[in-house]
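These numbers come from the heavy atoms of this one structure, side chains and all, not from hydrogens, waters or symmetry mates.
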Amino acid sequence: MKKTILITGASRGIGAAIARRLAVFDGSPSRLILNCNTDTEGLATVIDEIGRAVPDCQIIPMICDLSDAEARSAAFIRAVDASGGHTPHILINNAGIADIGLLQDLSSDRLMAILSTNLAAALDLSRLCIPGMVRRIHDTEAHCKTQASAQSGSRTGSSDPGFTPLSETKPTCAILNISSVWGSVGASCEVAYSAAKGGLNAMTRALAKELAPSSIPVNAIACGLIDTQMNHCLTPEEITEVIDQIPAGRMASPDEVARLCELILSAPAYMTGQVIGFDGGWI
């Protein structure tokens, strides 16, 4: 079944790697809704690469500033309409921004942009996606029960050997948040970013409890030092200093994060509420 997957911050780095990785998911070409804010050229490159590699993958761009509540809601509605009314099966909240510096030197506008992009957008997009996800789960489960009943020639429930509950199978729908080790332990000079990612981790655990009865897993990846443009603000000397603290002795690549995303999304729905460290043993 073709899955509709919404990925925020998909024009480069981790988001772009996830988009490439999930262009084919669960054996079928996906329908990707790919978000970016200003890097439309980068997003166009990603779309072109995927289009050439997986011609049957449908791609819908979702251009908006995720820190703007009205803009992201309107862009979400337009993207769903452009995909033929298909609400996402899978939401990957990846978009993030950060500044390095003292909290006292951060402007109020920049503070709110960091909190909105990293946390409020994830909450809001989840809120928008959940009704469609729940409907998909209930419709799929009802269809499975009907098929099992027809095969057995009698009305059956979840106890019937011909019916496997969705909670025991690969999830039909899921939410995956791309977080940071700083959301778990905090980082000096990245207080706002740490606070936002800490909130994202708490959201992951809380929403997982809310959606577990519907067999919709919610998990997060707490990334360490990844070779992305966000970390290129560090000097080579600073990067070397950080790598010296990482037992694995290197940065991870965005594609490695994307591979972990695929594994998590393919796990049984019983795995939910987890913030999975991906830091080479650093934290």
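A single hydrophobic cluster is seen to contain both Trp182 and Ile100, as judged by linkage of ILVMFWY side chains at heavy-atom distances under 4.5 Å, directly or through other members. Note: the hydrophobic cluster containing Val134 also contains Met203 (ILVMFWY, side chain heavy atoms under 4.5 Å, direct or indirect links). Under the 4.5 Å side-chain heavy-atom criterion for Ile, Leu, Val, Met, Phe, Trp and Tyr, Ile50 and Val257 are members of the same hydrophobic cluster. Under the 4.5 Å side-chain heavy-atom criterion for Ile, Leu, Val, Met, Phe, Trp and Tyr, Ile90 and Leu6 are members of distinct hydrophobic clusters. Cluster annotation: Ile246 and Phe278 are assigned to distinct hydrophobic clusters (Ile/Leu/Val/Met/Phe/Trp/Tyr, side-chain heavy-atom contacts under 4.5 Å, transitive).
In this structure, CZ in Arg31 is found 6.5 Å from CD1 in Ile60, a value given to the nearest 0.5 Å. Taken to the nearest 0.5 Å, the CG atom of Leu103 stands 10.5 Å off from the OG atom of Ser188. A distance of 14.5 Å separates CZ in Arg250 from CD1 in Ile239, rounded to the nearest 0.5 Å. Considering CD of Glu241 and CG of Leu234, their distance stands at 10.0 Å, rounded to 0.5 Å. Put simply, CG on Asn37 and CE on Met62 are 11.0 Å apart, with the number rounded to the nearest 0.5 Å. Separation of atoms CG (Leu260) and CG (Leu265) is listed at 9.5 Å; rounding is to 0.5 Å.
Met271 is listed as a side-chain neighbour of Ile276, based on a closest heavy-atom distance under 4.5 Å. Put simply, the side chain of Lys3 does not reach to within 4.5 Å of the side chain of Leu22, judged on heavy atoms. Between Ile92 and Ile5, some side-chain heavy-atom pair lies under the 4.5 Å cut-off. The shortest side-chain heavy-atom distance between Met1 and Asp26 does not fall under the 4.5 Å cut-off. You'll find the side chain of Asp68 stays beyond 4.5 Å of the side chain of Arg72, heavy atoms only. No side-chain heavy atom of His89 sits less than 4.5 Å from a side-chain heavy atom of Phe25. Counting heavy atoms from C-beta outward, Ile178 and Cys261 have side chains that approach closer than 4.5 Å. Side-chain contact check for Leu66 versus Leu125: some heavy-atom pair is nearer than 4.5 Å.
Looking at Ser179, its side chain never comes within 3.5 Å of a backbone N or O of Asn201 through a donor-acceptor pair. A donor-acceptor contact shorter than 3.5 Å is absent between the side chain of Arg20 and the backbone of Glu49. Under a 3.5 Å cut-off, the side chain of Thr117 and the backbone N or O of Ile114 do not form any donor-acceptor pair. Side chain of Lys2 to backbone of Cys57: no donor-acceptor contact under 3.5 angstrom is found. Between the side chain of Gln274 and the backbone N or O of Thr272, at least one donor-acceptor pair lies under 3.5 Å. For Thr87 (side chain) and Cys129 (main-chain N/O), no donor-acceptor pair under 3.5 Å exists by modelled atom type. Asn219 contributes no side-chain N or O that, together with a main-chain N or O of Leu176, makes up a donor-acceptor pair within less than 3.5 Å. Here the side chain of Ser214 pairs no donor or acceptor atom with the backbone of Ile216 at under 3.5 angstrom. Distance alone, capped at 3.5 Å, places no donor-acceptor pair between the Asp227 side chain and the Ala252 backbone. Between the side chain of Ser73 and the main chain of Ala69, no donor-acceptor pair closer than 3.5 Å is present.
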- Message: I'd like to know whether Asp124 forms a salt bridge (charged side-chain N to carboxylate O under 4.0 Å, His left out) with Arg127, so could you lay out the CA-CA distance, the side-chain angles of the two residues, the decisive distance to 0.1 Å, and finally the verdict.
- Response: CA-CA 5 Å; Asp124 199 21; Arg127 179 184 65 83; 2.6 Å; yes
- Message: I'd like to know whether Glu190 forms a salt bridge (charged side-chain N to carboxylate O under 4.0 Å, His left out) with Lys197, so could you lay out the CA-CA distance, the side-chain angles of the two residues, the decisive distance to 0.1 Å, and finally the verdict.
- Response: CA-CA 11 Å; Glu190 290 191 69; Lys197 292 301 187 180; over 6 Å; no
- Would you check, one step at a time, whether the test side chain to side chain contact (heavy atoms under 4.5 Å, CB included) holds for Met251 with Glu256? CA-CA 10 Å; Met251 292 190 283; Glu256 288 177 295; over 6 Å; no
- Between Leu263 and Arg259, does a side chain to side chain contact (heavy atoms under 4.5 Å, CB included) hold up when you go through it step by step? CA-CA 6 Å; Leu263 287 172; Arg259 287 163 58 193; 5.7 Å; no
- Verdict with supporting geometry, Thr4 and Ile33, side chain to side chain contact (heavy atoms under 4.5 Å, CB included): CA-CA 7 Å; Thr4 300; Ile33 299 176; 4.0 Å; yes
- Query: For Ser253 and Asp255, what are the C-alpha separation, side-chain angles and deciding distance, and is it a side-chain hydrogen bond (donor to acceptor under 3.5 Å, both in side chains)?
  - Reply: CA-CA 5 Å; Ser253 71; Asp255 187 58; 5.3 Å; no
- Query: Where do Val24 and Ser30 land on the side chain to side chain contact (heavy atoms under 4.5 Å, CB included) test, with the steps shown first?
  - Reply: CA-CA 5 Å; Val24 175; Ser30 303; 5.7 Å; no
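Between Leu32 and Ala23, the closest heavy-atom pair is CD1-CA, 4.1 Å. Minimum interatomic distance between Leu225 and Trp282 (heavy atoms only, all atoms of both residues): N-CZ3, 3.8 Å. The heavy-atom pair separating Leu43 from Ser11 by the smallest distance is N-CB, 3.6 Å. The two residues Ile226 and Pro254 make their nearest non-hydrogen contact at CG2-N, 3.9 Å. Of all non-hydrogen atoms in Gly51 and Ile59, the two that sit nearest each other are N-CD1, 4.4 Å. For Ala192 against Leu115, the heavy-atom pair with the smallest separation is O-CD2, 3.9 Å.
Checking Ile175, Asn177, Leu123 one by one against Leu207, the side chain to side chain contact (heavy atoms under 4.5 Å, CB included) holds for a single residue, Ile175.
Environment of CE in Met112: sparse, with no more than 12 heavy atoms of neighbouring residues, nucleotides or ligands closer than 6.0 Å.
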